**Q** 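Take this structure, written in structure tokens, and hold onto it; I'll ask about it next.
Sequence lines set the chain letters: A, B, ... in the order given, protein chains first and strands last, and positions in each chain run from 1. Computed from a predicted model, the values in this text were never measured in an experiment.
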Number of protein chains: 2
Amino acid sequence: MKKATSGKMKKPLTQREELRGKVIDALAQTMDLYGVNYSFGQLYGIMFFEDKPMTLEEMQTHMNMSKSNMSYAVRSLIDSKMASKLKEKDERKDLYAAETDFFKAFQSFFATKLQREIDVMRGALDAVIPPLSETILELNTSEEERKLCLEDLHKLKHAVSYYEWLQQFVNDLQSGAYFDGRHDNR
Amino acid sequence: MKKATSGKMKKPLTQREELRGKVIDALAQTMDLYGVNYSFGQLYGIMFFEDKPMTLEEMQTHMNMSKSNMSYAVRSLIDSKMASKLKEKDERKDLYAAETDFFKAFQSFFATKLQREIDVMRGALDAVIPPLSETILELNTSEEERKLCLEDLHKLKHAVSYYEWLQQFVNDLQSGAYFDGRHDNR
DNA sequence: CCTATCGTTCAATAATTATTCAACGAAGTG
DNA sequence: CACTTCGTTGAATAATTATTGAACGATAGG
């Protein structure tokens, strides 16, 4: 038996736990805005404060959720580069750690997300621009249709230049170029 | 009657419509990654190509969805600053236009989202740091508890400096500082 | 004023996403 | 080579979110 008489009870939070809770909630809300589900954001918050490698089992007890969901959650955090799996193990259990440097965490997060965006959009643009150009060049395209295609093409070219810029932006973000006058990494 | 014999039929798409569709799909997927629902992202794509003020009714026919949903969708786009309501009206109908400059559109979008993030997090940090500091300063706080609080406080201070940096970043983003060597706004 | 139509709201329903549970293969242990 | 226990998977369920439809106040036109 672990701690007390039976199943579940309202644990009396310490003040510190309560304060942590507020920050974790804000963090989870925030990540919610970027397409990360609230619970998974909470998990990041917990790992952030815990600040030492955690096993799935520990996550389970902290979050009070099934192990399979924790497995899913931690994978999602890893996908966004907000956490990583360590090479060491505790007993037989895998260990995971959150990136606790907010600069690095959100740097990785946005770099990952934006890169995905760029890839998706570039894929579409690369697939669409050639046939559209082709149609414009065709001799038997009606004048009206050619005009419409030209308008679209112009918009897509503008998009291309945007995603070129965005790619550069992501590169700079990853290289740390935007983090110059800062980092009190004491 | 509008166009043909009855209700709904598979309209035979022109090549141009099909190509547009691919780009719209990519756009919608992309926005999906940032917490904007797919349909609403599609609507942005449609408005982007349409490139002239649209009424709710037109959106309805393009998207084949209820007017109430279109009302909701357009409001969501306006919240993210990706579209705006015009002062003029067509008949009695309100007119809306999408921001067609991708630079501006995504600039507004991220500025809005990041600002919300900053506000939420600053709110939590401002609420939590004072009482936490207080506890540390209290004479009757146990040594153990003081140590834990100090660790948390250190993390939160790091977070504060991150959000200060992020605020500056958003300001720069809004001021256009990052868009220097570009903008082929021909 | 009366009528028609706009855009919004609210409650109901449909669709999607999050979560659990049971089962399984892959190690580590003895 | 059996025995655990780990992490993942896939199907079932719960919870949330998207979408609709009906009702309403506002307002422009007659």
Side-chain angles (χ1 to χ4, degrees), chain A residues 2 7-8 24-25 27-47 53-80 82-97, chain B residues 2 7-8 24-25 27-47 53-80 82-97:
Chain A
K2 316 271 162 80
K8 52 194 57 173
I24 291 173
D25 173 63
L27 224 33
Q29 270 185 257
T30 288
M31 299 183 65
D32 210 14
L33 292 175
Y34 297 99
V36 174
N37 102 26
Y38 184 90
S39 310
F40 296 3
Q42 275 185 303
L43 178 61
Y44 172 76
I46 290 169
M47 293 174 81
M54 290 179 74
T55 67
L56 286 184
E57 201 177 23
E58 289 173 295
M59 298 179 200
Q60 230 186 134
T61 52
H62 274 276
M63 299 269 299
N64 206 26
M65 283 182 152
S66 73
K67 183 156 29 173
S68 56
N69 206 29
M70 291 305 93
S71 169
Y72 183 25
V74 85
R75 209 163 343 134
S76 145
L77 291 179
I78 290 172
D79 283 348
S80 314
M82 307 267 307
S84 53
K85 185 200 276 207
L86 305 185
K87 287 151 295 295
E88 313 93 67
K89 294 201 177 197
D90 178 38
E91 310 282 326
R92 302 199 208 161
K93 297 167 191 159
D94 291 343
L95 287 170
Y96 305 90
Chain B
K2 315 273 162 77
K8 52 194 58 174
I24 290 172
D25 174 62
L27 267 173
Q29 271 185 255
T30 288
M31 299 183 65
D32 211 14
L33 292 175
Y34 296 98
V36 173
N37 103 25
Y38 184 89
S39 310
F40 295 5
Q42 274 185 305
L43 178 60
Y44 172 76
I46 290 169
M47 292 173 80
M54 289 180 74
T55 66
L56 288 184
E57 202 177 21
E58 289 172 295
M59 298 179 199
Q60 231 186 135
T61 52
H62 274 277
M63 298 270 298
N64 206 24
M65 285 182 152
S66 71
K67 181 153 36 170
S68 55
N69 206 29
M70 291 304 94
S71 168
Y72 183 25
V74 84
R75 208 160 345 131
S76 145
L77 291 179
I78 289 173
D79 283 348
S80 314
M82 307 268 306
S84 53
K85 185 199 277 206
L86 306 186
K87 286 150 295 296
E88 314 93 67
K89 294 200 175 197
D90 178 39
E91 310 282 324
R92 300 201 211 163
K93 297 167 191 158
D94 291 342
L95 287 171
Y96 304 89

**Q** Out of D:dA18, C:dC21, C:dG7, which has the shortest distance to the side chain of A:Ser68?
**A**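 For A:Ser68, the side-chain atoms sit closest to C:dC21.
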**Q** Would you indicate what B:Tyr38 reaches in the nucleic acid, counting non-hydrogen atoms under 4.0 angstrom: base, sugar-phosphate, or nothing?
**A**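 Since no nucleic acid heavy atom lies under 4.0 Å of B:Tyr38, the category is nothing.
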**Q** Between A:Lys85 (NZ) and D:dG7 (P), how many Å, whole number?
**A** 8 Å
**Q** Rounded to the nearest angstrom, tell me the gap between atom NZ in A:Lys89 and atom P in D:dC6.
**A**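 Spelled out: NZ on A:Lys89 to P on D:dC6 is 10 Å.
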**Q** Within the pair A:Asn37 and C:dT19, is there a side-chain N or O less than 4.0 Å away from OP1 or OP2?
**A** yes
**Q** Over how many whole Å does the gap from B:Arg75 atom CZ to D:dT19 atom C1' extend?
**A**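 For the pair B:Arg75 CZ and D:dT19 C1', the rounded distance is 14 Å.
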**Q** So, OP1 or OP2 of D:dC3: does either fall under 4.0 Å of a side-chain N or O from A:Arg92?
**A** no
**Q** Could you state the CE-C1' distance from A:Met70 to D:dG7, rounded to the nearest angstrom?
**A**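 Computing the A:Met70:CE to D:dG7:C1' distance gives 14 Å.
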**Q** So, OP1 or OP2 of D:dT19: does either fall under 4.0 Å of a side-chain N or O from B:Ser66?
**A**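 Result: no.
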**Q** Could you pull out every donor-acceptor pair under 3.5 Å between side chains of residues 67-75 of chain B and any protein atom, sequence neighbours left out?
**A**
residue : atom : partner : partner atom : Å
B:Ser68 : OG   : B:Ser66 : OG           : 3.4
B:Ser71 : OG   : B:Arg75 : NH2          : 3.3

**Q** Please tell me which of the listed nucleotides, C:dA18, D:dC6, C:dG7, lies nearest to the side chain of A:Lys93?
**A**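 Shortest atom-to-atom distance from the side chain points to D:dC6.
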**Q** Measure from CE on A:Met65 to C1' on C:dA18 and round the result to the nearest Å.
**A**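 Rounding to the nearest Å, CE of A:Met65 and C1' of C:dA18 are 8 Å apart.
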**Q** Taking the nucleotide of DNA chain C with the closest heavy atom to each, which residue, A:Lys67 or B:Asp32, is nearer the 5' end?
**A**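 Result: B:Asp32.
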**Q** OP1 or OP2 of D:dA18 sitting under 4.0 Å from any side-chain N/O of B:Ser39?
**A**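 So the side chain of B:Ser39 is outside the cut-off, no N or O lying under 4.0 Å from OP1 or OP2 of D:dA18.
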**Q** Please lay out, stage by stage, how B:Met47 and B:Leu77 fare under the test side chain to side chain contact (heavy atoms under 4.5 Å, CB included).
**A** CA-CA 11 Å; B:Met47 292 173 80; B:Leu77 291 179; 4.2 Å; yes
**Q** Measure from CD on B:Glu88 to C1' on C:dC6 and round the result to the nearest Å.
**A**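 Taking atom C1' of C:dC6 as the reference, CD of B:Glu88 is at 17 Å.
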**Q** Tell me whether A:Glu91 at atom CD has more than 12 heavy atoms from other residues, nucleotides or ligands lying less than 6.0 Å away.
**A**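 No, not enclosed.
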**Q** What are the two closest non-hydrogen atoms of B:Ile78 and B:Lys85, and how far apart are they?
**A** CD1-N, 4.0 Å
**Q** Does OP1 or OP2 of C:dA18 have a side-chain N or O of A:Asn69 closer than 4.0 Å?
**A** no
**Q** So which atom in A:Ile46 and which in A:Met54 form the shortest heavy-atom distance, rounded to 0.1 Å?
**A**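 Here A:Ile46 and A:Met54 meet closest at CG2-CE, 4.3 Å.
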**Q** Taking atom C1' of C:dA18 as reference, at what distance in whole Å does atom CG of A:Leu77 sit?
**A** 15 Å
**Q** Take the protein atom CG of A:Leu56 and the nucleotide atom C1' of D:dT8, then report the distance between them rounded to whole Å.
**A**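 These atoms are roughly 10 Å apart.
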